[in-house]
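A short worksheet on the structure shown next.
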Amino acid sequence: MTKLKRPHRLIPRISGQIYLWLAILIFGASSAVTRKLTEIGAKHIIDGRNPISLCNVLFVGNLCALIVLILIYGRQWNKATLKQLSRKDWIGLTAVAILSGALAPGLIFQALALTGVNNVILVGRVEPPLTLALSIWLLKERVNFWEIAGAIAGFVGVALTIVLQSPGESMMNMGGLQVGVGELLVAFGSAAVSVSTIIGKKYLDRIPLGIYSIFRTALGTVIFFFLALGLYGHNHFADVLSPFLWKWMFLYGALIVVVGQSFWIKGLRSSTVSMASLISSFTPIAGIVAAYFILDEAPTLAQYIGGSVILIGIFLSHLGIRYQASRRSMFSKVISTQAEQKVESGMGFKGI
């Protein structure tokens, strides 16, 4: 007779999955919430400026995220741990902060001003296949047929989403092909995240997760601030201390940053890599549903076609993940920097 497990032994695993699902719902809605905030700001202009501009949302949102990360991981920033980091480690951390902490979110937030939220979500799915291709090429990682098939399907889905778009204002001609500027910015931002993931896998696998996350967010925020000042002028953040901005940013920060990030980290600590990876793959679906309910943005024909192919790619990729799980330690807990990067590389933009 099979001995039943005690109920209390099942609670951590069940609660971990619930936390992950809640985090994915929040992260999926982040782009739609961000766009909605800018629309609210556009109705409350201050001296001709939108106080809830995308740059202000990104900058203040990152500050909120940094506070949360310090509260969670602050203890890891001690002299003994920092002494163990080499000059090479700090160079790698700096490169990751520039790419995924400043460049990528800056490009994606700019894309939100030029194209629909659904396009940002779907085109952002170019990141997983690109990361897989770079892992095979640069890291000599061994992958199975299903992972390759899933990556190809995902890439084709993104290409269809871009190519089948109806002509719009923010379009540019590339060899006779009309491509949206916003879609290109998302693609470049996703490429930056992919490169940063490869750097993390190759050089930063032994860096404590807290040091990695806090340094990336802090330096990325500083670099983004000065980059925006250089590109848009010294008045670009003139309304960053506006009470109207902070009123809404407290809501954004509490929901997207504090609650979302806390649920995500809590779920990762009590879930396996394979389970976290599977749940995170539903981020684009959550994002498209959120765009519909929050912004009344219904998917176009191009998005339906491209999104369907992307979903097929996600399904095939997870067949490969399950195959790997039977041969490797994919059922281990997500506790390392490299493990979290593996999960997040399949998730896409989280809004912060």
Side-chain angles (χ1 to χ4, degrees), residues 55 57-111 124 127 130-131 133-135 137-139 141 185-232 236-237 240 257 261 264-265 268 335-345 347-352:
C55 283
V57 172
L58 177 56
F59 179 68
V60 178
N62 272 339
L63 291 179
C64 294
L66 182 60
I67 294 172
V68 175
L69 291 172
I70 291 175
L71 291 175
I72 296 174
Y73 294 119
R75 293 181 180 179
Q76 293 187 9
W77 280 76
N78 55 73
K79 185 179 293 187
T81 303
L82 295 176
K83 279 185 176 181
Q84 297 177 7
L85 302 183
S86 64
R87 181 181 179 184
K88 186 177 181 181
D89 293 331
W90 288 111
I91 293 175
L93 284 169
T94 302
V96 168
I98 294 173
L99 291 170
S100 65
L103 182 60
L107 290 172
I108 293 173
F109 267 63
Q110 182 61 34
E127 180 192 334
L130 182 57
T131 301
L134 291 175
S135 297
W137 178 36
L138 299 175
L139 304 182
E141 287 192 2
L185 293 178
V186 177
F188 288 138
S190 299
V193 175
S194 294
V195 173
S196 73
T197 300
I198 297 302
I199 294 174
K201 284 183 176 182
K202 188 172 180 63
Y203 300 109
L204 306 178
D205 59 316
R206 71 182 189 90
I207 304 294
L209 187 57
I211 292 179
Y212 172 88
S213 300
I214 292 175
F215 186 86
R216 178 183 64 177
T217 304
L219 183 59
T221 302
V222 173
I223 292 175
F224 170 77
F225 178 79
F226 286 105
L227 186 62
L229 287 181
L231 290 175
Y232 304 115
H236 192 64
F237 290 104
V240 75
V257 180
Q261 192 74 10
W264 178 247
I265 294 172
L268 288 181
I335 55 175
S336 68
T337 301
Q338 190 170 9
E340 185 183 25
Q341 283 182 324
K342 182 178 182 63
V343 175
E344 293 192 3
S345 66
M347 182 189 302
F349 183 61
K350 297 194 299 180
I352 53 177

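Note: hydrogens, waters and symmetry copies are ignored here, and every other heavy atom, side chains too, is used. Residues: numbered from 1 along the sequence shown. As the structure is a computational prediction, the values presented were derived from the model and not from experiment.
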> Step by step, would you call Arg206 with Asp89 a side chain to side chain contact (heavy atoms under 4.5 Å, CB included)?
Replying inline: CA-CA 9 Å; Arg206 71 182 189 90; Asp89 293 331; 2.6 Å; yes
> Passes side chain to side chain contact (heavy atoms under 4.5 Å, CB included), Tyr73 versus Ile211? Steps please.
Replying inline: CA-CA 8 Å; Tyr73 294 119; Ile211 292 179; over 6 Å; no
>> Run Leu66 and Thr221 through side chain to side chain contact (heavy atoms under 4.5 Å, CB included) and show every step you take.
In response: CA-CA 9 Å; Leu66 182 60; Thr221 302; 5.8 Å; no
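The aromatic rings of Phe224 and Phe237 sit perpendicular, their planes meeting at an angle over 60°, well past the 30° parallel limit.
Judged by distance alone, with hydrogens and angles left aside, the side-chain atoms of Ser194 form a donor-acceptor pair with the main-chain N or O of Glu127 at under 3.5 Å. Formation of a donor-acceptor pair under 3.5 Å by the Gln76 side chain with backbone atoms of Gly210 is found in this model. Distance alone, capped at 3.5 Å, is enough to place a donor-acceptor pair between the Ser190 side chain and the Val186 backbone.
Closest approach of Ala192 to Leu103, counting heavy atoms only: CB-CD2, 4.1 Å. Contact record, Thr217 with Ala65: CG2-CB, 4.4 Å, taken as the closest heavy-atom pair. Between Leu107 and Gly189, the shortest heavy-atom contact is CD1-N, 3.6 Å. Taking both residues in full, the closest heavy atoms of Ser196 and Ser100 are given as OG-CB, 3.3 Å, listed atom of the first, atom of the second, then distance.
Side-chain contact between Leu139 and Lys201 is present, with heavy atoms from C-beta onward closer than 4.5 Å. The shortest distance between side-chain heavy atoms of Val96 and Tyr203 does not fall below 4.5 Å. Side-chain atoms of Ile207 and Leu93, non-hydrogen and from C-beta on, do get closer than 4.5 Å to each other. The side-chain heavy atoms of Trp90 and Leu82, taken from C-beta on, include a pair separated by under 4.5 Å.
A distance of 9.5 Å separates CG of Leu204 from CG of Leu85, quoted to the nearest 0.5 Å. Note that CD1 of Ile198 is 6.5 Å distant from CG of Leu138, once rounded to the nearest 0.5 Å. Within the model, atoms CD1 of Ile214 and CG of Leu219 stand 13.5 Å from one another, a figure rounded to the nearest 0.5 Å. Atom CD1 of Ile91 and atom CD1 of Ile199 lie 11.0 Å apart (nearest 0.5 Å). Taking CD1 of Ile67 as the reference point, atom CD1 of Ile72 lies at 12.0 Å (rounded to 0.5 Å). Between atom CZ of residue Arg216 and atom CG of residue Asn62 there is a gap of 9.5 Å, rounded to the nearest 0.5 Å.
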